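Written below as structure tokens is the structure these notes are about.
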Protein chains: 2
Amino acid sequence: MDNLKKALTLRQEEVYEYIRTRTQETRLPPTVREIGERFHISSTNGVRSILAALIKKGYIKRSPRLSRGIEILDNEPAAPTVENASNMVEIPIIGRVAAGAPILAVQNLEGTVTVDRDFLASQPNVFALRVKGDSMINAGIFDGDLVFAREQKVADRGEMIIAQVDDEATVKYYQPQPEWIELRPANPKYSPIIVKPESHFSIAGRVIGVMRKIN
Amino acid sequence: MDNLKKALTLRQEEVYEYIRTRTQETRLPPTVREIGERFHISSTNGVRSILAALIKKGYIKRSPRLSRGIEILDNEPAAPTVENASNMVEIPIIGRVAAGAPILAVQNLEGTVTVDRDFLASQPNVFALRVKGDSMINAGIFDGDLVFAREQKVADRGEMIIAQVDDEATVKYYQPQPEWIELRPANPKYSPIIVKPESHFSIAGRVIGVMRKIN
DNA sequence: TTGACAAATGACCAGTTGTGCAGTATATTT
DNA sequence: AAATATACTGCACAACTGGTCATTTGTCAA
């Protein structure tokens, strides 16, 4: 599925080509505004929409908030050592969640991580989310960690889930009550989130792993 | 080979080496502040004075006002840049540590994990260790977690390291004292380990990441 | 006709980043 | 003794940079 790269629009092709050559020639990936300048796009958001499409289609990867954090994903798989790759799974990383949209609705993909199939027990439909805040600190999940979840719409009481409330995706313990749903943090500093029936709530998945980079 | 180059001070050498490896590994030259962070230089001007010296001696080049505009002036034309086709790195997992043997000795290896190069910032000489016990629980490291470390024999005070004491490898904070070495856990239930000079002690590496499988 | 999508605008915010200025302390060189 | 180089601290500032919000325009398919 990943060898068949999705087709690019003309504009996306241009921008991709520019990033590629610029990176190769000057050793530095361009900034968002530099791309905009090159193509006479006056708004950073014009560029962003194109970059988002390129991420979605697997051509580039971005490190959020990092200046010049665009990386060309050169996957010419170079033929040999093929079978090795089959043991790996490519997992989409969810960035910020757009209101209303289903969590995997690609609009906010930040990129992908490739992980060992063993790590995820080869489960299907896995995605990753970058954690914001320290509300799950007692569960060993820190700010900036990458949590992995298996996509599922239901969960058992007490399981750690990724929940989508309005336009936010959070990691919490699932504690359904008769009249409402309680999302319990693992940090005494925070109170449980009470989700009333009128909110937009859904379970996005159950947490199955964590990854943290230190320093 | 490059005898024409003027000699560098120790500090300049360190910084130069850092810029070189960082640029190669992450594809992005560091910012001034990132360099300062790495070497605990609190003022950007401390870094600037070193960079100025490196420019003067012909080791680097800077593009004024350009973010990340540091360029290594290498006499080597940068090879054919064949590069790794795959973006993955295979990391050895250390099992039980035989007394006296270096930690990466073959008899200690338990297996390998393959991880995304980005996760480890493609650092060289990385290994992994399965954590036993809950002594680092407040650092978000639980029993059974896999911790990743970069092999190095020295560390700064307070860094999280993998230490080898007699025939055990443990993850702890490094707190050297004048007369002994203190290995501090991140769990109030445990006391620091005091390593007396007569013990077989060595630093195996600095912890750079954690991975946990849940359920 | 409606709806999804790509592409773009313009204003704005927050955090990053390079630079400038004023100093300090310690070596080494002249 | 004086001059210079090195290696910093601390603070402030302007420019840069990425991200967000609200809207708009055109295309293409159902």
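So that the names make sense, note that chain A is the first sequence line, chain B the second, and so on, each numbered from 1. This is a predicted model, so every value here is computed, not measured.
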Counting just side-chain N and O atoms, does [X] come under 4.0 Å of either OP1 or OP2 of [N]?
X       : N      : answer
B:Arg62 : C:dT19 : yes
B:Lys57 : D:dA5  : no
A:Ser42 : C:dG10 : yes
A:Arg65 : C:dG15 : no

Is there a donor-acceptor pair under 3.5 Å between the side chain of [X] and the backbone N or O of [Y]?
X        : Y        : result
B:Arg62  : B:Ile55  : no
B:Asp145 : B:Val210 : no
B:Asn187 : B:Ile137 : no

Residues in ring pair (Phe, Tyr, Trp, His ring centres under 6.0 Å) with A:Phe39, at least two apart? A:Tyr18
Under 3.5 Å, is there an N or O donor on one side and an acceptor on the other linking the side chain of [X] and the base of [N]?
X       : N      : result
A:Thr44 : D:dG19 : yes
A:Ser43 : C:dG10 : yes
B:Arg33 : C:dG18 : yes

Using heavy atoms to find the nearest nucleotide of DNA chain D for B:Ile50 and A:Glu34 separately, return the residue whose nucleotide is more 5′.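 Nearer the 5' end of the strand: B:Ile50.
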Here's a test of your reading of the structure: between A:Val32 and B:Leu10, which maps to the more 5' nucleotide of DNA chain D? B:Leu10
Whole angstroms only, please: what is the [atom1]-[atom2] distance between [X] and [N]?
X       : N      : atom1 : atom2 : result
B:Phe39 : D:dT6  : CZ    : P     : 17 Å
B:Leu66 : C:dT16 : CG    : C1'   : 14 Å
A:Leu28 : C:dG18 : CG    : P     : 11 Å
B:Leu51 : C:dT17 : CG    : P     : 14 Å
B:Glu37 : C:dG18 : CD    : C1'   : 16 Å
B:Leu8  : D:dT6  : CG    : P     : 10 Å
A:Arg11 : D:dT25 : CZ    : P     : 19 Å
B:Arg48 : C:dG20 : CZ    : P     : 6 Å

A:Ser49 near the nucleic acid: base, sugar-phosphate alone, or nothing, with a heavy-atom cut-off under 4.0 Å?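 A:Ser49: base contact, heavy atoms under 4.0 Å.
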At what distance, to the nearest 0.5 angstrom, does CD1 of B:Ile70 lie from CG of B:Leu51?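 Spacing of CD1 (B:Ile70) from CG (B:Leu51) equals 5.0 Å.
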Partner set under side-chain contact (heavy atoms from CB on, under 4.5 Å) for B:Gln12, not counting sequence neighbours: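 Per chain and number, B:Gln12 pairs via side-chain contact (heavy atoms from CB on, under 4.5 Å) with B:Leu8, B:Thr9, B:Ile50, B:Ala53, B:Leu54, B:Lys57.
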Aromatic ring pairing B:Tyr16/B:Tyr59, orientation class (parallel under 30°, perpendicular over 60°, tilted between): perpendicular
Under-3.5 Å N/O pairs linking protein and nucleotides 22-30 of chain C:
unit_1, atom_1, unit_2, atom_2, d
C:dA22, N6, B:Asn45, ND2, 3.4

Measure the shortest side-chain to side-chain distance between A:Asp116 and B:Val115 over non-hydrogen atoms and say whether it is less than 4.5 angstrom. no
